[in-house]
Structures are given as structure tokens and as C-alpha cells.
Amino acid sequence: MLPSIIVPLYNEEAVLPLLVGRLDELVGGLNCDVEVLLVDDGSRDRTLALAREAAARDPKYRVLSFSRNFGHQAAITAGLDFADGDAVVIMGADLQDRPEIIGRMLELFREGYDVVSAQRESREGDGAYKRMTASVFYWLMRRTVDQRIMPEVADFRLLSRGAVHAIRQFREQHRFMRGLIAWLGLNEATVRFKRGPRAAGTTKYPTLKMAAFAWTAITSFSGLPLRFGVLAGMGMTMLGVLYFIYAAYRALIEHATVPGWTTLVFLQIFFSGAILLSIGLMGEYLARVYDESMRRPLYVLREMVNMPRRNAQTDRV
Ligand code: UDP
Ligand code: MG
């Protein structure tokens, strides 16, 4: 059996030597060949140089390097495009995803599961803010994207070769890997683990990037926000009809004609806001359609080290 391990790297010079040490240890105990795909997502520090060093020392380390920062999900995609293993593990660089779990994941894979997900049973390394935003995130994802998305499961998971081949067929620009995997509906096992703090370096997911990620997740899997505009519009129209009845009653029966300036101003502001919101949402989706219709590649490679010669674009499935 050949397991592949994919590690996306963005400015991870502080943690990469620790990671390589831990992976060497892990592989020593596994009793099988392993390939480790280090995917450099356009780092601007010494990450690529360190990855090259690891590859020069040990052929199990293979390096894919992007021309610029294409994002975490694109880096995972490249890893999946090039991974040769019959089981493929995706993990973060910072050792928050503990490599020791991989042995247990491989056991479950041998029992026949296509997806083995690592579920965080605690987040010792995260502060109150990260925990709070994360729980809102998972709640939202389960309601808007897919009920099958498991809480506290991120991108640390094992995929069978079959699952990887299925994932390679998704070429959408705005990617939310967890949603794609849930969408596949393959049989999935979970391994629970305690998530510690980052071993070194700082998070590559500041709040704004997290919010953008959540927005991508929601809008690439559901039209719910668009329908929200329709629902709000219907609600408004019903209120408008009720108000019209009231106004007619006041004018025709009670003959109480009031200036009504306040009402008009209020309605004007309210409806303009509602209309702009709906148009904005449509624009958002139109932009997504536009992005997808261009069919651009999801990443551009600048360099490969220790990779068997082949082309991800032609060897996708
Ligand atoms: N990452 C990446 N490209 C990016 C941002 C992050 O490849 O644009 C990688 C990063 O190097 C790490 C993984 O994605 O291996 C997860 O990032 P991080 O650990 O900073 O996120 P957190 O655990 O704080 O959510
Ligand atoms: Mg992390």
C-alpha cells in the first residue's frame, strides 16, 4: 500500500522543519512506502527552499510549487491531482492535525471506508473567539450547505483512491472541500482527536479570510441567499397590501387624510434597501457564474521536485 500525505504550505518556514521531523518519525513506524506532497502555495518566506531541502534529502518528499498564493483549497486540489497513493491523507502544516492519527485512519481505510475524517473533540490551542466563530461556522454550514457536513471536521481526512478520482472531477473555482466530500455521500468513518495549538508560526486564516471562506462555502452550494431576497420581497408585498387596506380605510371611511411624509420616507428607505440587497445578491451569483464560465485553471505550477513526469490537466481522472 502506498499512502500519500498532502500538506498545503503558505509561509510555514517556522513549522516546516518540525513537520518534516514528525513525518519522518511517523513513516518510520508505518512499515510501508509513503509519499509526502508538500504543496507550496506561493509562500514568500523560505518555505519552498526548506521543502526543496527535504526533497533532496529524502525522495518520499515531493514538492509542488505555485506561481503565487492561490489559497488553501487550491493547494489541496493540486495535491489531490498529483497524489499517487491508494489512500490520500490531507493535513495542515502546523501540527494541529496530529500526524499520529494517520495510523488509525489507515486502519479504518483498510476496513473499507472511503473517507476517514478526523473530528476535533477539543480545541485546546484555540482561544474563545476562534471557538465561537467556528461553532457558528459549522452550524451555518450544516443548515445552508449540506446536512451531512460533520461538526468539527475540517480538512484533516483520508480519502480512498476512488474518492480522490471523484473529487478530481470537480473543477469549480470557488471550492469548499468539505462540501464536496459531503456531496459525494461515500461511506465515512471518524477518528476523534484532541487538537492542540499551532506548533510554530501564526495562523494563515485571519478573520476576514475565514468570513470569505464561509461565504464561498454557502454561495457555491446553495441558492438560499438568492431566495432570501425573494422571500423578503414577498413579505414586503404582503405588508404593503395590508398597509394599502389600512390607508384606504382611513381615507374612504374615516376621511382622515394625513400628510404621511414620515411613512413615505420610511417606505422609500426600506424598499430601496431591500431592492439593492436583492440586486447585490444577484450580482454576487452572476460573478460566480462569470468566474466559472471562464474555466481558468485552479492553480499555476512553477516548480515540481521528485514528481514523476506527468500533467495534472491531462491525468485528472
Ligand atoms: N494555507 C495555504 N494557503 C493559504 C492559507 C493557508 O496553503 O492561503 C495552509 C497553511 O499553510 C496550513 C493550512 O493551510 O498548512 C491551514 O492553515 P492554518 O493552520 O493557518 O489555519 P487554522 O488552523 O488557523 O484554521
Ligand atoms: Mg492550523
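Each ligand, and each atom within it, is numbered from 1 in the order the structure gives.
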Requested in this report: Indicate if the distance from the Mg ion (ligand 2) to the nearest N, O or S atom of Gln96 falls below 2.8 Å.
Outcome: yes
Query raised in the report: Short check: any N/O/S atom of Asp94 below 2.8 Å from the Mg ion (ligand 2)?
Result: yes
Does the N or O separation between [X] and ligand 1 drop below 3.5 Å for any pair?
X: Gly71; value: no
X: Gln96; value: yes
X: Ala93; value: yes

Query raised in the report: Would you call the rings of Tyr243 and Tyr246 parallel, tilted or perpendicular if under 30° counts as parallel and over 60° as perpendicular?
Result: tilted
Report task. Would you please classify the geometry between the Phe82 ring and the Tyr299 ring as parallel, tilted or perpendicular, with 30° and 60° separating the classes? Result -> tilted
Query raised in the report: Is ligand 1 less than 4.0 angstrom away from at least one heavy atom of Arg198?
Result: yes
Query raised in the report: Closer than 4.0 angstrom: is that true for some heavy atom of Arg123 and an atom of ligand 1?
Result: no
Answer with side chain, backbone, both or neither: which part of [X] has a heavy atom less than 4.0 angstrom from an atom of ligand 1?
X: His72; answer: both
X: Thr203; answer: both
X: Met210; answer: neither
X: Asn69; answer: side chain
X: Gln73; answer: neither

Query raised in the report: Is the distance between the ring centroids of Phe213 and His72 less than 6.0 Å?
Result: no
Report task. Examine Tyr113 together with Phe109 and report whether their ring centres are nearer than 6.0 Å. Result -> no
Query raised in the report: When you look at CZ of Arg192, are more than 12 heavy atoms from neighbouring residues, nucleotides or ligands closer to it than 6.0 Å?
Result: yes
Query raised in the report: Tyr10 and Arg44: side-chain donor and acceptor closer than 3.5 Å?
Result: yes
Query raised in the report: Does the side chain of Arg302 pick up a donor-acceptor pair with the side chain of Ser67 at under 3.5 Å?
Result: no
